Every structure is written in C-alpha cells, then in structure tokens.
Number of protein chains: 2
Amino acid sequence: MAQTPAESQEKRTVGGGNGRHGRAAYDLEAVLDITVAAFNERGYDATSMDHVASRLGTSKSAVYYHASGKADLLRLGLERALDGLEGVLKLPGAQRGAADERLKFVLREAVLVLIDRLPYVTLLLRVRGNTDVERDAMARRREFDRQVSLLIDEARSDGSLRTDIDARTLTRLLFGMINSIVEWYRPEGPLSREQVADDVIAVAFDGLHAS
Amino acid sequence: MAQTPAESQEKRTVGGGNGRHGRAAYDLEAVLDITVAAFNERGYDATSMDHVASRLGTSKSAVYYHASGKADLLRLGLERALDGLEGVLKLPGAQRGAADERLKFVLREAVLVLIDRLPYVTLLLRVRGNTDVERDAMARRREFDRQVSLLIDEARSDGSLRTDIDARTLTRLLFGMINSIVEWYRPEGPLSREQVADDVIAVAFDGLHAS
DNA sequence: GTCTATATACCGATAGAC
DNA sequence: GTCTATCGGTATATAGAC
C-alpha cells in the first residue's frame with residue numbers, strides 16, 4: 001500500500017479513437033471521475049478494482065493501464081481536492097484586507113471549491129490515514145485547516161469574533177458545518193453554489209436565531 | 001453480508017473465570033468496545049477479524065464465539081448509538097414546552113449522548129449503506145433526523161428561528177456542526193461534556209460574531 | 001471458551017495475446 | 001489499449017481438538 005508515482009497518461013476522450021478492440025476508450029480524467037464516485041459510494045476499501053472496471057464497462061487490466069494501482073487512483077483524486085482548497089489561500093482576497101473580511105472570503109471560496117469539486121473533497125474528508133497516500137493527504141489538509149484557524153485567531157484578536165468560546169472549538173464547529181455540505185449537497189438540486197455559500201456564511205456568523 | 005440475528009451471550013468480565021486455557025476471557029461488551037474502536041480507526045471494511053482478534057489478544061475463533069460474524073459486531077455497535085439518540089426524543093423535555101425550548105433540549109441531550117457513546121455514534125456517522133445492517137441503521141438515523149427537523153419547523157413557525165434560509169438547509173448545517181464533534185472531541189481533553197454542549201448550542205443559535 | 005488448521009472466496013496486481 | 005487467465009495473498013467463516 002505504499003505511494004506510487006503518477007505516470008501522466010495522454011488525454012483521450014470517451015468514445016474517441018482507440019486500440020483495435022471494440023470497447024470505448026477512456027482518458028485518465030474519465031477513469032478518475034468514475035473511480036472516485038465508486039470510492040465515495042462504497043468506501044475506498046470496499047471498492048475493488050473489479051467494481052471500478054465494471055462501472056467503466058471495461059476490465060481490470062484496462063484500469064491498470066491508466067493508473068499504476070488502486071492507491072494511485074486514490075492519490076490522484078485526493079490531489080484534486082487539495083489543489084483546489086490550497087488555491088483559495090493563494091487568491092488576493094485571502095491575503096489583503098481586514099482579518100474578518102479575509103476569513104469570510106476564504107470560507108466562501110472554500111465552500112465554492114467544495115461544491116465545484118464535490119466528489120474529490122468528499123473523498124478527502126473520508127480518508128482515515130490507513131496508508132501513506134492517505135496520511136500525506138491528511139497532512140496537507142491539516143495545514144490548510146491550520147492556515148484558516150490562524151485567520152480565525154486574527155479575527156478574534158480584532159474583536160470581530162466572540163471570545164466566550166475558545167478559538168479551537170470555534171474553528172472546529174465552523175469546519176464541521178462547512179465540511180458537512182458534502183453529505184447532502186447535490187448539484188442537480190434547488191440550491192445554487194452561491195446560495196449555499198451565502199447560507200453557510202450567514203448561519204456561521206449570525207446563527208439560527210431570528211434577527 | 002446479510003443481517004444475522006444476535007445471540008445474547010452471557011456476561012463475563014475480563015480476566016474473570018473462564019475455560020481451561022490460560023487466556024483472559026471477555027464478555028460481549030468488552031469485545032464490542034475494542035471492535036468498534038478498531039472499526040473507527042481503520043474503517044469497517046479495512047478491519048479484518050484477525051485485527052480485532054489481535055487487539056483483543058486472542059484468536060479469530062474466540063471472537064466468533066461472542067458474535068456470529070463481522071456484520072453482527074457492526075450491528076450491535078450501531079444499535080448502541082441509535083438506542084441512545086432515540087432515547088433523547090422520549091425524554092420529558094423533548095415532549096413538553098415551547099418548540100424552541102424543546103429543540104434546544106433535544107440538541108443539548110443529543111450532544112451529550114454523542115459524547116457519552118462517542119465510539120458508537122462515530123461508527124454510526126461513518127456508515128455508507130453497503131450492507132443490510134448499514135442500511136437498517138441509516139434508516140433509523142434518518143428517522144431521528146426527521147423528528148428533529150420537525151422540531152425545527154415548529155420553532156421556525158413560532159418565529160424563534162430565522163426564515164431567510166430554508167428549513168432544510170438550516171437543519172443540515174446544524175446537524176453538520178453537531179455531528180462533527182465525533183471528529184475531534186476526546187474525553188481526556190480539556191472540555192467537559194457539558195461545556196461542549198453549551199458551546200454548540202451557543203454557536204448554533206447565535207453564531208461566531210462578537211455580541 | 002479458546003485453540004490450530006483449513007475451506008472457500010475475493011482481493012490487488014501482472015503476464016502475455018491480440 | 002483492452003482482453004483472458006492466473007499468481008500470491010488475505011478475507012470471512014467453520015471444524016474439531018482440548
């Protein structure tokens with residue numbers, strides 16, 4: 001279960017020209033989409049390479065052509081989530097302005113990334129640390145969380161956040177609320193990504209009470 | 001992976017008198033405690049019966065004496081969580097009084113159950129519905145969630161909760177915050193169970209903003 | 001009530017044909 | 001680039017001794 005290096009495959013679209021057999025061919029992105037969906041539905045450990053292959057309408061060997069193994073598919077999926085989240089911290093809005101404004105900006109953008117890369121972030125949030133691939137991803141995620149909690153500390157020092165509850169608990173409840181979106185949000189549902197982001201920020205900062 | 005009926009074993013304490021071999025004997029509760037801890041650390045699917053046995057310092061066969069199989073251990077663990085949560089709704093404080101007071105009571109008691117039965121509720125919240133045992137547990141959990149969201153609807157109609165965000169989203173964000181406790185709360189840490197319950201209620205109803 | 005040994009099945013991964 | 005066939009390992013579960 002050690003981490004294996006990625007080998008970049010060439011791009012190829014579903015149904016495009018391919019080898020001499022009659023089957024549709026997939027590029028790595030298509031394989032990854034279906035694989036991550038399967039991981040999320042059944043759990044990583046409970047999903048066999050045969051499951052993945054059968055959902056792709058192909059064989060195990062074809063999957064092994066695109067990725068070096070099951071751990072590699074997991075790693076590639078987790079990377080997509082982490083790249084997105086880390087990208088939020090690099091945006092200008094995360095680096096300039098008052099602490100509470102930067103905090104709101106980062107939380108809002110994080111919600112949008114979570115929704116735009118829903119399957120990948122879902123996978124990330126369910127990782128338990130059983131393998132090197134999972135532990136590496138968890139380390140990157142913890143670093144992201146730490147950066148956000150630094151922002152929360154700043155906003156707290158500014159007097160923008162309540163001080164009757166300790167910062168650590170505040171951070172955790174906030175992340176709990178945001179991360180739970182992966183458990184219920186469906187892109188085909190009635191809520192737009194912006195609506196969810198607005199609602200989360202509103203509830204997080206002002207609570208459930210009627211104003 | 002079908003659901004198997006439980007066979008109630010007699011109680012027996014660790015290290016108590018037992019069969020003729022030198023090993024310590026366990027009662028079902030002790031087996032279950034260690035099994036559920038293993039399920040939570042490694043994930044249910046990734047935890048083999050050999051893992052469980054070795055954490056108990058015994059053999060696979062000894063585990064099979066106490067439970068009819070891996071699915072049975074899961075079922076028994078999930079029952080402990082669900083019995084606790086459903087018990088909250090039967091308490092007098094959940095049935096009499098103003099809607100917003102009943103809501104706060106139920107949420108507070110749910111947090112306390114979550115903490116008191118932390119490993120079992122953790123297991124429940126990670127179930128994905130791959131087997132009959134998991135699907136049965138998820139159905140019971142959904143019914144609990146539904147009862148609480150009825151309370152939220154009532155409190156909303158009373159004018160106690162904000163109406164600029166739809167009830168469904170409000171419910172989900174609230175549960176997200178509460179359920180996330182299993183990801184970080186440790187009984188040996190600095191926060192008492194009552195402190196966590198107070199903090200959750202405070203943040204949920206009044207938000208993060210300084211008052 | 002716990003042990004060792006084993007039946008049976010499925011897992012991830014690879015070989016080699018086409 | 002995908003196929004079938006298979007390797008070696010590990011899984012759940014059981015049999016039978018003590």
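A, B, ... follow the sequence lines: proteins, then strands. Residue 1 opens every chain. What's counted below: heavy atoms across the whole structure, side chains too, no hydrogens, waters or symmetry copies. Everything numeric here is computed off the predicted structure, so don't read it as measured data.
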Checklist entry - Using a cut-off of less than 4.0 Å, is there contact between a side-chain N or O of B:T58 and OP1 or OP2 of C:dT2? => result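 No, no such contact exists.
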Item to check | Nucleic acid footprint by protein, nucleotides 7-12 of chain C - heavy-atom cut-off 4.0 Å, B for base, S for sugar-phosphate alone | outcome: ----SB
Next on the checklist: Without decimals, in angstroms, what is the distance between A:Y65 OH and C:dA15 P?
Outcome noted: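 After rounding, the gap between these two atoms is 17 Å.
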Checklist entry - Nearest-Å distance, CG (B:L73) to P (D:dT12)? => result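 From B:L73 CG to D:dT12 P: 11 Å.
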Checklist entry - When the nearest nucleotide of DNA chain C is assigned to A:S61 and to B:S61 on a heavy-atom basis, which residue is associated with the more 5' position? => result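 Closer to the 5' end of DNA chain C: B:S61.
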Checklist entry - Taking only residues two or more places apart in sequence, or in another chain, which ones meet B:F205 in a ring pair (Phe, Tyr, Trp, His ring centres under 6.0 Å)? => result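 With neighbours one apart ignored, the set is A:H209.
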Checklist entry - Using a distance-only test with no angle check, is there a side-chain donor-acceptor pair under 3.5 angstrom linking A:D33 and A:Y120? => result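 Note: A:D33 and A:Y120 side chains meet the donor-acceptor criterion.
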Item to check | A:K70 to A:Y44, cation-pi by 6.0 Å centre distance and 45° axis angle | outcome: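 Checked: cation-pi criterion met.
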Next on the checklist: Looking at B:E183 and A:R172, is any side-chain nitrogen of the basic one under 4.0 Å from a carboxylate oxygen of the acidic one?
Outcome noted: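 B:E183 and A:R172: not salt-bridged.
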Checklist entry - To the nearest 0.5 Å, how far apart are OG1 in B:T171 and CD1 in B:I152? => result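 B:T171 atom OG1 to B:I152 atom CD1 measures 3.5 Å (nearest 0.5 Å).
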Next on the checklist: Measuring from atom CZ of A:R141 to atom CG of A:L82, what distance do you get when rounded to the nearest 0.5 angstrom?
Outcome noted: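 Going from the CZ atom of A:R141 to the CG atom of A:L82 covers 9.0 Å.
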